Each structure stands twice: as structure tokens, then as C-alpha cells.
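Notes for the one structure printed next.
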Number of protein chains: 2
Amino acid sequence: MGGAREPAAALTINGSRLLDTIHSTCEFGKAHVYGEHPTETGMARLALGDDDRKVRLWFVEQVKALGCVVTVDQMGNIFAVRPGRAKHAPPIMMGSHLDTQPTGGRYDGILGVMAGLEALRTIHENGHETRGPVGVINWTNEEGARFPMVTMSSSVWAGSTPLETAWNCLEISPPGGSAPRSVKQELARIGFLGDIPASYTAQPIAAHFELHIEQGPILEDESQKIGVVTGAQAYNWYQVQVKGRDSHAGTTPMRARKDAMLAAAKMVVASNVVAHEMDGLITTGIFRGEPGSVNTMAHTVTFTLDIRHPRSSSVASMVAKCRQRFEEIATQDSERGVSVSWETLTENPAVEFHRDCINAVEQAAEETCGRLTEAASGRKLWRHMLSGAGHDSCHTSLRCPTAMIFTPTRNGMSHTPDEYCSPEDCITGAQVLLGAVLRYDAARDDLS
Amino acid sequence: MGGAREPAAALTINGSRLLDTIHSTCEFGKAHVYGEHPTETGMARLALGDDDRKVRLWFVEQVKALGCVVTVDQMGNIFAVRPGRAKHAPPIMMGSHLDTQPTGGRYDGILGVMAGLEALRTIHENGHETRGPVGVINWTNEEGARFPMVTMSSSVWAGSTPLETAWNCLEISPPGGSAPRSVKQELARIGFLGDIPASYTAQPIAAHFELHIEQGPILEDESQKIGVVTGAQAYNWYQVQVKGRDSHAGTTPMRARKDAMLAAAKMVVASNVVAHEMDGLITTGIFRGEPGSVNTMAHTVTFTLDIRHPRSSSVASMVAKCRQRFEEIATQDSERGVSVSWETLTENPAVEFHRDCINAVEQAAEETCGRLTEAASGRKLWRHMLSGAGHDSCHTSLRCPTAMIFTPTRNGMSHTPDEYCSPEDCITGAQVLLGAVLRYDAARDDLS
């Protein structure tokens with residue numbers, strides 16, 4: 001990476017068009033009204049569902065209108081690339097995702113893709129010719145909500161997850177109790193099962209930039225506008241199964257019980273103690289007991305653990321501590337005799353983003369924040385930070401220079417219908433995204 | 001109640017016919033194979049399902065062959081009455097239930113009805129004329145598993161639950177995600193929506209005897225054969241709802257959480273402490289979290305509490321303690337700010353059975369146990385005991401003299417496929433049932 005060969009183009013995104021785009025496309029999958037304003041509605045646009053199909057078709061139409069070449073790979077990832085002066089160089093991509101949680105909001109993922117589209121529109125309408133190609137990616141099934149594998153398709157692209165594993169992943173709550181469908185079946189059904197391999201070799205990327213809401217309270221607490229994300233904390237997911245004995249709630253003395261429900265509840269409480277001890281995060285998002293009858297003890301309980309820490313080694317320590325405490329509960333506590341088994345769903349080491357991409361974001365943040373009215377105070381309006389969540393960028397960073405940009409999130413709340421990033425902050429974030437891409441493009445030394 | 005006017009008829013049930021009846025009718029609804037023998041299979045004969053319909057039709061056919069008059073009331077309770085010398089007196093009934101838990105066994109309820117049928121067959125084939133009418137009842141939806149109201153239809157008969165409340169009760173896990181169906185709809189569908197009021201005034205009973213497996217470990221632990229049940233412990237059921245805030249598992253600091261799942265897990269653990277403090281029983285059989293995604297905290301958790309104690313006042317104290325501890329968790333603990341609400345599903349005070357019925361059971365137990373080979377040791381093979389579970393007899397005891405007979409249960413395990421009462425113990429129990437009924441019949445002083 002050399003120095004900038006030309007000054008960053010002074011292009012300014014169209015803020016109201018960005019906001020219109022975000023909210024008009026949230027008609028595809030809107031759910032969970034929480035206020036009176038038409039935008040005070042959350043989202044339930046589950047990966048590869050009918051609403052996901054609609055927003056994808058809309059997206060493809062929009063980027064084609066900008067002269068983009070659209071490629072859909074075998075995971076349904078959509079690559080929209082606007083050619084640059086150097087026709088055959090790999091593109092700088094602005095990637096995120098259009099799928100949401102079942103009780104999700106209007107910004108997680110959506111802001112990143114729509115800001116990428118707005119950046120392309122701004123480049124296009126200004127007739128700006130980039131040195132290399134520049135484009136937008138919609139990564140399939142980032143949320144892992146319907147198909148329980150988070151950042152599924154960027155992981156396949158990066159070579160971290162085999163294609164067949166992702167294709168065969170089944171939905172967890174099929175509608176109407178029907179047989180669960182696979183990712184591949186649903187890709188085919190909605191018309192997004194492409195024939196290009198989902199791979200960094202088949203679809204190389206020069207650099208990946210992702211604008212995303214912070215999903216935490218730090219920027220808001222510090223009254224800052226932009227997070228320059230230098231990496232992401234490590235996180236592992238597990239499914240823990242506790243097996244006991246189903247027996248009658250009225251006739252089984254406490255001493256004779258092997259109550260999987262009570263044992264599992266104790267494990268959830270114990271995992272929380274571990275999180276506090278290690279200054280990390282542990283969350284149980286799914287907890288199910290079988291057979292599920294008021295007066296019958298559960299014979300089987302299955303629950304998930306989401307374990308996170310800025311250091312990969314600390315995640316490993318937290319897992320080890322949980323395993324030990326759970327084993328103690330299973331062998332020495334009131335329900336001794338229950339069995340515990342662990343299944344690993346995903347393990348993701350801590351990620352460090354690329355210095356060149358971080359530099360480009362820093363410069364764009366400095367410039368954009370410097371123009372905000374809040375800058376009059378002389379206070380610095382951006383900061384470095386670490387991502388608490390996993391993102392598609394964590395996978396791309398294994399295969400190409402990557403960085404992320406965060407915007408403030410009201411009350412730090414995400415994965416909830418009233419997730420919110422103010423219009424001003426969305427616009428600031430999109431402007432930083434465009435600025436970072438143009439700076440990176442200007443400084444590329446891999447172009448002939 | 002006068003003294004015995006004639007000696008109890010020396011009738012002996014046909015043990016192998018009883019066992020054949022139990023196991024052949026368990027073909028209707030068998031599930032959950034756990035061993036190699038054809039009878040090593042549990043049951044899933046949910047109330048008012050297709051298998052319940054089949055066993056009901058079979059039952060009606062069998063009792064009609066014995067000359068019984070069959071009445072089906074508005075709750076689908078089946079009354080099969082064999083006339084006695086006094087044609088218009090209320091009958092002595094042997095009642096229990098043919099429905100099972102979703103992962104139930106072959107004895108809970110089923111033994112009581114089939115032993116009643118065997119008793120009628122024995123009376124019939126011996127040409128014995130009882131002084132008053134004698135019969136068998138199949139009570140609808142004792143389990144409360146599919147339709148969440150335990151001992152539903154004996155409760156309606158006793159006037160404790162309004163007919164409309166029971167009729168409108170909806171199934172909890174409709175097949176294939178279809179709209180939940182009501183008890184009344186399902187009664188009509190399977191052809192057991194009778195037109196006789198489900199009421200102790202419309203269908204009076206002289207006395208109610210119920211043979212049932214103990215469902216606990218006491219008889220087995222003491223190597224005894226028969227429990228003469230003098231009453232039942234009090235039990236209340238509640239549904240507790242905890243509401244917190246759904247937010248992202250990776251970006252929400254521990255201090256900023258209102259995690260309904262963690263708070264509910266702490267409540268389940270706290271309720272268990274209360275059970276130990278009060279020497280009672282508390283069980284959580286159902287526990288569900290929403291929205292149910294690995295990396296999203298639950299905004300809502302719903303769980304049940306089944307609270308039991310031999311004294312009604314102690315159940316009230318346990319409830320009060322749980323309410324206080326849960327409130328502390330909701331207001332002072334790590335997840336402070338979550339809300340807790342309680343819904344009462346059922347409240348059942350402790351029950352004392354009728355002295356005359358208990359006497360009849362005692363005498364029959366003394367006689368039957370005295371003939372067992374184990375009696376050679378001179379050890380007493382029956383004991384008084386209290387029922388841990390609720391039974392239809394708890395409701396009938398409000399409206400007619402009632403008692404119950406318990407048989408041993410392997411490992412005290414019930415509401416599980418491998419629930420087991422040995423062939424010998426089933427036969428002993430049925431013989432005690434017949435003996436108690438004949439004694440009570442012989443001693444009736446309400447017959448002209």
C-alpha cells in the first residue's frame with residue numbers, strides 16, 4: 001500500500017435519499033410496531049424468507065441501474081461491482097447483510113448495505129471514476145437466527161465453513177410445524193442459489209469496509225459519533241444438553257430427583273457468575289425443556305451459551321470454568337446423576353483489522369466529524385473501539401484487508417424492534433464509509 | 001353406614017385377563033419403546049386425541065357386553081353402571097382415567113380403569129348380584145397435559161370448575177402449528193360430547209374408589225404391596241412470566257442487561273431452596289424463552305411452578321416465600337428492572353378421604369395381602385399413606401365418600417415411558433379394589 005496518489009474525491013452522499021432507502025425497503029419484513037411514527041416498527045426479515053427475497057430483488061435492480069455487474073454465488077451472497085479504470089482488479093467492497101433477527105430492528109446490517117448502495121449512487125451521479133472497481137455485498141444469513149450459524153456465508157467465502165455444512169444447515173423453527181428446510185432448499189426456492197463458488201479465490205476482494213451500528217452503549221455514553229473499529233472480541237457458541245429423569249412432580253421426593261430443568265437453571269446462573277469473574281459476557285438465548293408438562297420433571301433440557309471476551313484465551317478460560325462448574329452441578333449438587341454434554345456451534349478467535357483499512361477509516365472519520373456542528377467544541381467525535389459482536393468483516397479480514405465503522409445506537413440496544421440510530425448518525429456513518437473507500441481506492445498500489 | 005349385612009363375596013379377579021386387557025389396550029397410543037419386550041413401551045395417549053377415541057370405543061363395547069348402562073356426559077366422562085338389586089340407588093363407582101402424559105407409561109390411570117373393568121367382569125361371570133349398582137368411570141383429561149387443566153372433568157362433575165371454562169380450554173401444542181382446538185371441539189370431533197350434564201346432581205355417586213399406582217418410592221422402599229390412601233397433599237400450579245429487554249449478547253455490557261432468561265433461571269433455583277426450607281415439593285416443568293436466538297437475550301420467559309405440601313397452609317407459605325424471593329430478584333439482583341407476574345392455573349387444598357371408604361379398603365387390603373406368599377413372614381404388607389399427586393378422587397371426595405388404593409411403582413418413577421408396576425402388584429391392587437367395593441356395597445345403609 002503506497003501513499004495517496006490523488007486527493008480523496010470530495011463527494012457528499014445524499015442523506016435524505018439514504019434515509020428514504022433504509023425505511024422504504026424496511027417495508028419488506030417490517031414487524032413489531034412500537035410507536036406511532038411509520039418508522040417506529042421493528043423487523044422480522046429472516047434469512048432466505050419471502051421478505052428477504054423481495055429486498056434482494058429490489059437491491060439487484062438498483063445496483064444494475066448504476067451499471068454494476070451482479071454476481072450471486074452458491075451461498076446467495078450478492079456481489080454488485082461498479083467497474084473502475086482498472087477493469088480486472090479485485091474490487092473494494094462495502095459489505096453487510098439485509099437479514100434480521102425475528103425481533104430485529106431497522107439498522108443492524110441494513111444500514112451497512114444501504115449506505116454502500118448510497119455510496120455507489122453518489123459515485124455514479126457524480127461521474128466519478130474510481131481507480132479500481134468498487135462495490136457492495138449483501139452477505140447471506142449473517143444473523144444465524146433462522147438457520148443457526150451466524151455470519152454463515154462470509155464464513156464459507158473465507159474458507160472457514162465448508163459449503164456443504166452451510167447448505168445442509170436446517171431452520172430451527174419451521175413455520176406451521178412442517179419439516180425444517182435447509183439453506184440450499186431455501187436458496188433455490190427464492191431464486192438465489194448461484195453457480196459461482198462462494199470463495200475468496202473465485203471472488204477475490206481488494207478490501208472490505210463495513211458500516212454497522214455499534215449495538216452497544218459506548219459511543220452514546222461518550223457523546224461520540226463514529227467508532228473506528230480495530231478488531232472484534234472472540235466469541236464461541238455452544239449448545240449444552242442436560243439429561244435427567246422425567247418423573248411426577250407430586251410423588252417424587254426431592255432426594256430422588258434428577259431434574260434436568262433445575263440442574264440447567266443452576267448452570268445458567270453459574271455461567272453468569274463466570275462471566276462476572278472473568279469480566280466477559282455469557283448469555284443464554286435459547287432454553288428448552290422436554291417433555292414440557294406442568295407436573296412432570298424435564299428429562300432433557302437444551303440451552304445455548306454465547307461466550308465473549310476481547311481475548312481468545314479468556315474465552316477459553318471461561319469455557320473451561322463453565323465446564324467445571326456444570327460438571328460439579330451434575331455430579332455433586334442436588335440433582336447429581338444428570339448428564340451434561342456440550343456441542344460446539346461456532347468458535348471465533350479475536351480479530352484484528354488491517355492497519356491500512358483502519359487508516360482510511362480514521363482519515364475519513366476525522367474529516368467527516370470535523371464538519372459536524374458538534375465539532376465546534378473542539379471535542380474529538382470519533383474513537384477507536386473493539387466490536388462486541390461478530391460480523392461478516394471478521395471473516396473477510398482473514399482473506400483481505402478489512403475494517404469497520406460504528407455509529408451510535410440508542411441505549412446500546414440492538415436485536416430488538418426499537419433498535420435506533422438517528423438520521424444524522426446514519427448519514428455521518430455513510431459519509432465516513434464513502435470517504436474510507438475513496439481514500440483506500442486512491443492509495444491502492446496493486447493497480448497497473 | 002351400618003355394619004356389614006352379609007359377608008363380602010369371595011370373588012377372585014382373573015389376573016391374566018387383567019394384564020391382557022392393560023397391555024392389549026395400550027396398543028392404542030403406545031410410544032417411546034425402551035426395551036425389547038412388547039410391553040416395554042410407554043404411552044402418548046393424549047386426552048381427546050384419536051387414540052383416546054379408540055380406547056374409549058373399545059371400553060364402551062366391553063362394558064355393554066357386561067350389561068352395563070353407559071352414560072356419556074357433557075365432558076365426555078363415561079359412566080358404565082351394572083345394575084344391582086336396588087335399581088335406582090346411586091352406584092358405587094371405580095373411577096380413573098385412560099389419558100396419559102405425552103411421555104407417559106402403561107399404568108398411571110389405565111390400571112384403575114382396567115381393574116374396574118376386571119372387577120365388573122368378575123362380578124358378572126360369577127353371577128353376583130350387588131345390593132346397589134356398581135360401575136366404572138373413565139374421567140376425561142385427568143392429566144392436563146394436552147389441555148392444561150389437570151383432573152379437568154371430575155372437577156366439572158364436582159362443581160369446582162364451570163363447564164364453559166373446561167369446554168373452552170385450548171390445547172397447548174397444536175400439531176403442525178395449526179390453531180389450537182378447544183376441549184369442546186375435540187369432544188365433538190371424537191364423538192364423546194354427551195348431553196347429560198357433567199354434575200354430581202345429574203349423575204350422583206354413592207362412593208368412589210380409585211386404584212392407582214403410587215407414582216412414588218415409598219411402598220417399594222418399604223417392601224409393601226398396598227397403600228391405603230387416606231388423603232392427598234395440597235397442590236397449586238402457577239404460570240410465572242418474567243419480562244426483561246431483548247438486546248445483543250455481544251454488545252450489551254453485563255451492567256446494562258435486563259435478561260429475562262437469567263432472572264427466570266435464578267427464580268427456578270430460588271423456588272427449589274424454598275421447597276427444601278419448607279419440606280415440600282416445587283417443580284418447574286415448562287420453561288420457555290422468547291424470541292429464542294443464541295445471541296439475543298430473552299425479552300420474555302414463561303415458566304410454571306407446581307407447589308405441593310401435605311398441609312394447605314404450607315403451600316400458601318411456599319407461594320408467599322416464592323413471591324417474595326422472585327420480587328427480590330426482579331428489583332435488587334443483577335437483572336433488576338425485569339417485571340414478574342403470576343397467573344394461577346389451579347389451587348387444590350389438601351384432601352381427607354372418607355372413613356367408611358378407607359375402612360373398606362383397609363379390610364380388603366388386610367384380606368388380600370394376607371393371602372400373598374410374602375405374608376408368611378408375618379410382616380404387614382399394607383400401610384396408610386397420603387397421595388402426592390392430585391387425582392380425580394380428590395374432586396369426587398367433595399361430593400361422595402371416596403378412598404384410593406395405591407400399588408408399588410418401580411423406582412417411584414411415573415410420567416415416564418418406563419413407569420412400571422409388576423404383574424403381581426397390579427393383580428393384588430385389582431383384588432383389593434374389588435374387595436373394597438363389595439364390602440362397601442354389602443354395608444350400604446342407604447338402600448331400601
Side-chain angles (χ1 to χ4, degrees), chain A residues 101-103 144-145 148 150 173 175-178 214-217 233 235 237 245-254 256 259 261-262 265-266 268-269 272 275-276 281 283-289 291-299 304 306 308 334 345 388-390 412-416, chain B residues 101-103 144-145 148 150 173 175-178 214-217 233 235 237 245-254 256 259 261-262 265-266 268-269 272 275-276 281 283-289 291-299 304 306 308 334 345 388-390 412-416:
Chain A
Q101 290 282 325
T103 56
V150 80
S173 300
S178 54
E214 178 197 342
Q215 307 181 284
Q233 66 183 342
Y235 72 98
W237 288 7
R245 198 167 53 188
D246 47 339
S247 62
H248 192 291
T251 59
T252 313
M254 298 305 270
D259 182 349
M261 189 78 82
L262 176 63
K266 288 183 173 187
V268 170
V269 175
N272 182 254
H276 283 285
L281 303 174
T283 307
T284 292
I286 298 175
F287 187 110
R288 291 200 199 93
S293 176
V294 180
N295 60 346
T296 304
M297 263 154 269
H299 56 69
T304 55
D306 173 311
R308 306 195 188 219
S334 64
L345 301 179
M413 303 303 301
S414 182
H415 287 193
T416 179
Chain B
Q101 289 283 322
T103 57
V150 80
S173 299
S178 54
E214 178 197 342
Q215 307 181 282
Q233 66 183 342
Y235 72 98
W237 288 6
R245 197 168 53 188
D246 48 340
S247 61
H248 191 291
T251 58
T252 313
M254 299 304 270
D259 181 349
M261 189 79 82
L262 176 62
K266 288 183 173 187
V268 170
V269 175
N272 181 255
H276 284 284
L281 303 174
T283 308
T284 292
I286 298 176
F287 187 110
R288 291 200 199 96
S293 177
V294 180
N295 59 345
T296 305
M297 264 154 268
H299 57 69
T304 55
D306 174 311
R308 305 193 189 221
S334 65
L345 300 179
M413 302 303 302
S414 182
H415 286 192
T416 179

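Hydrogens, waters and symmetry mates are skipped; everything else that's a heavy atom, side chains included, is used. Below, read A as the first sequence line, B as the second, and so on, with proteins coming before strands; counting in each chain starts at 1. All figures in this text were calculated on a predicted structure; none of them were measured in a lab.
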| task | Output the distance between atom NZ (K266(B)) and atom NZ (K266(A)), rounded to the nearest 0.5 Å. | result | 15.0 Å
| task | Against chain A, work out which of S247(B), S293(B), S334(B) has the most heavy-atom pairs shorter than 4.5 Å and name it. | result | S293(B)
| remark: With chain B, the option among A145(A), G412(A), G144(A), P253(A) that has the most non-hydrogen atom pairs under 4.5 Å is P253(A)
| request: Decide side chain to side chain contact (heavy atoms under 4.5 Å, CB included) for R288(B) and R288(A); before the verdict, give the C-alpha distance in whole Å, the side-chain angles of both, and the deciding distance to 0.1 Å. | output: CA-CA 6 Å; R288(B) 291 200 199 96; R288(A) 291 200 199 93; over 6 Å; no
| query | Counting heavy-atom pairs under 4.5 Å to chain B, which of T283(A), D246(A), T416(A) comes out on top? | reply | D246(A)
| field | Under 4.5 Å from a heavy atom of chain A, the part of Q233(B) involved | value | side chain
| message | If I measure from the heavy atoms of chain A, does A256(B) come under 4.5 Å with its side chain, its backbone, both, or neither? | response | neither
| said: As an exercise, state the distance from CD of E214(B) to OG1 of T251(A), rounded to the nearest 0.5 Å. | reply: 7.5 Å
| Would M254(A) and L281(B) satisfy side chain to side chain contact (heavy atoms under 4.5 Å, CB included), going step by step from the backbone distance to the final call? | CA-CA 7 Å; M254(A) 298 305 270; L281(B) 303 174; 3.7 Å; yes
| request: Select one option (side chain, backbone, both, neither) describing which atoms of S178(B) are under 4.5 Å from chain A's heavy atoms. | output: neither
| note | For P291(A) and T103(B) the tightest heavy-atom approach is CG-OG1, 3.5 Å
| message | If you count heavy-atom pairs within less than 4.5 Å of chain B, which of G216(A), P102(A), A249(A) leads? | response | A249(A)
| task | Give, as side chain, backbone, both or neither, the part of Y235(A) having an atom under 4.5 angstrom from any heavy atom of chain B. | result | neither
| query | With respect to chain A, which residue among G289(B), G292(B), G285(B), P217(B) yields the maximal number of heavy-atom pairs within a distance under 4.5 Å? | reply | G285(B)
| remark: Among V268(A), T304(A), T252(A), N272(A), the residue with the most heavy-atom pairs under 4.5 Å to chain B is N272(A)
| field | Contacting region of P148(B) [heavy-atom separation from chain A under 4.5 Å] | value | neither
| query | Partners of H248(A) by ring pair (Phe, Tyr, Trp, His ring centres under 6.0 Å), sequence neighbours excluded? | reply | H415(B)
| remark: If you tally heavy-atom pairs under 4.5 Å between each of H299(A), Q101(A), H276(A) and chain B, the highest tally belongs to Q101(A)
| task | Going by the side-chain contact (heavy atoms from CB on, under 4.5 Å) test, name the single residue among T296(A), V294(A), N295(A) that passes it with I286(B). | result | V294(A)
